Amino acid sequence: MKTLTIAVGFILLALTASQCTESNQTMSIKENALKITAPAPEKRDTLLTAHGEQRLDPYYWMNQREDQDVIDHLNAENRYLDTAMAHTKNFQKDLFDEIVSRIPQDDASAPYFDNGYFYYVKYKEGQEHPIYVRKKGTLEAEEEILLDVNIPAANYAYYQVTGLSVSPDNKWLAYGVDTLSRRIYTIHFKNLETGEVLSEKIENTTGRAEWANDNRTVFYSQKDVTLRPYRILKYVLGADREPIIVFEEKDATYVSYVTKSQSDQYIFIVSSSTLTSEYRYIPADSPDQTPIVFHPRERGIEYDVDHLDDTFYILTNWKAENFRIMTCAPSSTTKDKWEEKIAHRQEVLIQDMSLFDRGIVVSERVEGISKIRLYDWKEKPFYIDFDEPAYTSYIGINKESSSNTIRIQYTSMTTPMSVMDYNVDENRLKVIKEQEVLGNFSKGNYATERIQVKARDGALIPVSIVYRKDLKKQGPHPTLLYGYGSYGYSMDPYFSHVRLSLLDRGIVFAIAHIRGGQELGRQWYENGKLLKKKNTFTDFIDVADHLVRENRTSPEKLLAMGGSAGGLLMGSVINMRPELFHAVVAAVPFVDVVTTMLDESIPLTTGEYDEWGNPNTEEYYHYIKSYSPYDNVVEQDYPAVLATTGLHDSQVQYWEPAKWVARLRDHNTGDAPILLYTNMDTGHGGASGRFERYKDTAMEYAFLLDMVGLMK
């Protein structure tokens, strides 16, 4: 289901320019797969009933994670994939080596200043995990290691650290650790003066703790049996007593988490669903005070709150579809007391804000492009200018509200991720750090386009495209079309160093900014969810049809990829138009939608009702069932498919792709290979190491390259 780190693991694309041996060139995955027998799991019909309708699911039994039959089947699928792709093994290694060769072994992030210290993250040659460090007062000061993740990670197949938080007096570090890849974190505490990691720890959390200003009390979110963050607790370090429940979210469609204001004066307790939010606040100087409701939840009203200079700032969609920014005093926080600060504009989506003493920095989406605008800093609001016509900019880490310099991040399809500082008084943009790409990379070798494709209902779908400049203009070209289209998550144009090998082989890479995302404002999202969800799938198909019709590519050369909810997209479009795509990679795909959404015991299900609809309501049940990939597999020729998953995935359970692959094989009337890979050590985000993750990437793209005959 939802993935906002989304993102990240399935957005980066990797290929390489290595050479295959002559004998390997005579083989293909398709030929190998035809020579061996694919796993044929036992069919054990389970009768599922809803709204008077009965469904038989022959593979329902696969949801028993501890069942040896399940483990044996997943291992058999991995062996089948290994055999089918045996001729690509050397190629995969070459791919992996090339990807890693572009990454600086010794590297460090751009430092940011917070409460007297410069903080940054560095990596050392040959090490998989980050080292978190800081320097006091100046970058010339002695380096202090907060946490070297490589040391504890050496004892685990998976080790992920998140949520590092330093106490206001700079003496304590709280951080979350996940060793299973199910995003269930244990919070640990380290004394930064002595280096001691305390035996005190807090289990079953989201990994993030917020410090009260007494430097002893932390607030954190606990998960229930479905892994929903639902309870906020208070823990006093060294007090030798159990944590105290501060708030419990009883509505199963909401999650609850904790954060701290820009002013450091308030602890915020946030309850949030897809469509509705509610804040509570506690003075950070008085952690024992009872939380105060900021504004009672009202269905359909979303708001985020921050605080600075004795004023609350509210980013809200109340009477503002594309959001506006309002303010109020701490003494009166209900919405009837809010005053408009930045008005709603129909053509501009307000996405985020950062507060400074001199003004507000706002992230706005204009005609699909994420821009940064400053209010109150000068006589009139103004945008920070960039040279490229299509790009992505974000508000960076800005801890010091008194600063006249704004930290931002910038990237495009041809520009590596760059950390920049914009000095308002000097109107000067300075690059602090651009992602280094080793080897012979040059931005000038690549070109990017942004086109619009008319959907069947007349909507104009933006498409971002990147390719080598020396690519022959006459097509059709092998093309990889990527899509997501859910949760209002916008797939902005971005740079990927691992994608360079794809481009260097003559592959064109395209992102379809389909409905269900928020690229063109809130309405773009609303028209791709609930009972309009099928727009997401038809938009993707219409983009693919356009690329074929314009001779940019052909069905024999068109590849597609999506992960998580983007995997749902892959499953739906190959059911609807299998002949349009030659091969697809569906990463951790959400493909058994109706069965999952009917099972409230599965992590995240209840919080997804506002995205997909609640199938306990008959109208939503039939609509979801009409597009759910697993339920709509039919007898037809399917394209080649590689589905990937992780045994410990807490967002899209492993059994969804496992069942889907089995059913696809049952109904496939063609001879295209259908493969499943299960990483037995990881979950939704893949491997935890900075290099290790690319082994799976190399495997995925060896599969796709083989499908279009580019393993050379």
Side-chain angles (χ1 to χ4, degrees), residues 4 7 11 110 304 306 313 315-317 320-326 340-356 358-398 403-432 434-435 443 448-452 460-466 484 488-495 511 513 517-525:
L4 278 212
I11 297 175
D304 288 317
D306 206 347
Y313 291 78
L315 172 61
T316 181
N317 69 341
E321 181 181 52
N322 280 332
F323 291 79
R324 56 178 169 166
I325 294 176
M326 308 186 78
E340 186 170 86
K341 175 71 174 176
I342 299 175
H344 171 263
R345 287 160 289 164
Q346 191 60 45
E347 71 281 4
V348 175
L349 173 69
I350 298 179
Q351 303 178 115
D352 193 13
M353 64 180 178
S354 185
L355 307 180
F356 289 78
R358 291 176 57 186
I360 309 175
V361 180
V362 180
S363 173
E364 299 183 347
R365 188 172 291 278
V366 185
E367 296 181 348
I369 303 297
S370 186
K371 299 185 176 185
I372 294 175
R373 197 178 198 194
L374 277 62
Y375 292 83
D376 296 340
W377 293 81
K378 295 184 178 180
E379 186 175 341
K380 294 181 180 180
F382 62 97
Y383 288 107
I384 297 177
D385 292 326
F386 299 100
D387 293 334
E388 297 181 272
Y391 60 85
T392 302
S393 59
Y394 307 94
I395 301 174
I397 300 174
N398 293 280
S403 178
N404 68 341
T405 299
I406 299 161
R407 174 63 55 87
I408 62 176
Q409 290 182 271
Y410 175 90
T411 186
S412 73
M413 298 284 270
T414 58
T415 303
M417 180 62 73
S418 303
V419 177
M420 301 179 177
D421 280 349
Y422 176 72
N423 187 295
V424 181
D425 295 329
E426 300 175 4
N427 190 29
R428 179 171 55 89
L429 195 60
K430 180 181 179 181
V431 178
I432 302 301
E434 181 177 280
Q435 176 191 353
K443 300 178 190 178
T448 183
E449 294 181 43
R450 192 171 178 90
I451 66 172
Q452 289 187 321
L460 293 177
I461 308 160
V463 183
S464 297
I465 304 172
V466 64
Y484 188 73
Y489 184 84
S490 299
M491 291 298 303
D492 289 311
Y494 64 97
F495 179 84
I511 301 173
H513 303 287
Q518 210 159 224
E519 286 89 339
L520 297 183
R522 186 68 173 192
Q523 200 59 41
W524 201 246
Y525 170 43

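Below, each value reflects all heavy atoms present in this structure, side chains not excepted, and no hydrogens, waters or symmetry copies. These numbers come from a predicted model, not from an experiment.
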>> Out of the candidates Ile325, Ile342, Val361, only one should pair with Met353 under the side-chain contact (heavy atoms from CB on, under 4.5 Å) rule; please name it.
In response: Ile325
>> Check this for me: does any side-chain nitrogen of one of Lys430 and Asp421 sit under 4.0 Å from a carboxylate oxygen of the other?
In response: no
> Judged by atom type as modelled, is there a donor-acceptor pair below 3.5 Å linking the side chain of Asn423 to the main-chain atoms of Thr405?
Replying inline: no
> Has the side chain of Thr392 got a donor or acceptor atom that lies under 3.5 Å from a matching backbone atom of Pro493?
Replying inline: yes
> Does a side chain donor of either Tyr383 or Glu364 reach within less than 3.5 Å of an acceptor in the other side chain?
Replying inline: yes
>> Looking at every heavy atom in both His344 and Asn322, which two are closest together, and how far apart are they?
In response: NE2-N, 3.1 Å
>> Run the side-chain hydrogen bond (donor to acceptor under 3.5 Å, both in side chains) test against Ser363 and tell me which residues pass, sequence neighbours left out.
In response: Gln351
> Would Trp377 and Phe382 count as a close aromatic pair, with their ring centres under 6.0 Å?
Replying inline: no
>> Can you confirm whether the side chains of Ser393 and Gln409 place a donor and an acceptor under 3.5 Å from each other?
In response: no
>> Ignoring hydrogens, what is the shortest heavy-atom contact between His513 and Ile461? Give both atom names and the distance.
In response: O-CG2, 3.7 Å
> Between Tyr394 and Asp352, is any side-chain donor less than 3.5 angstrom from a side-chain acceptor?
Replying inline: no
> Rounded to the nearest 0.5 Å, what separation is found between the CE atom of Met420 and the OH atom of Tyr422?
Replying inline: 13.0 Å
> Quick check: does any side chain N or O of Glu449 sit under 3.5 Å from a backbone N or O of Val466, one acting as donor and the other as acceptor?
Replying inline: no
> Do side-chain atoms of Ser490 reach the backbone of Gln518 as a donor and acceptor pair under 3.5 angstrom?
Replying inline: yes
> When rounded to the nearest 0.5 angstrom, what distance separates CG in Asp306 from OG in Ser354?
Replying inline: 7.5 Å
>> Whether the side chain of Asn317 engages the backbone of Phe323 through a donor-acceptor N/O pair (distance < 3.5 Å, no angle test) should be reported.
In response: no
>> Under 4.0 Å between a side-chain nitrogen and a carboxylate oxygen: does that hold for Asp492 and Arg365?
In response: yes
>> Could you measure the distance from the OH atom of Tyr391 to the OH atom of Tyr410? Nearest 0.5 Å is fine.
In response: 7.0 Å
> Is a side-chain donor-acceptor pair under 3.5 Å present for Glu388 with Ser412?
Replying inline: yes
> Which heavy-atom pair separates Val419 from Ala110 by the least distance, and what is that distance?
Replying inline: CG1-CB, 3.8 Å
> Lys341: what forms a salt bridge (charged side-chain N to carboxylate O under 4.0 Å, His left out) with it, not counting sequence neighbours?
Replying inline: Asp376
>> Salt bridge or not between Asp425 and Arg358? Use side-chain N to carboxylate O under 4.0 Å.
In response: yes
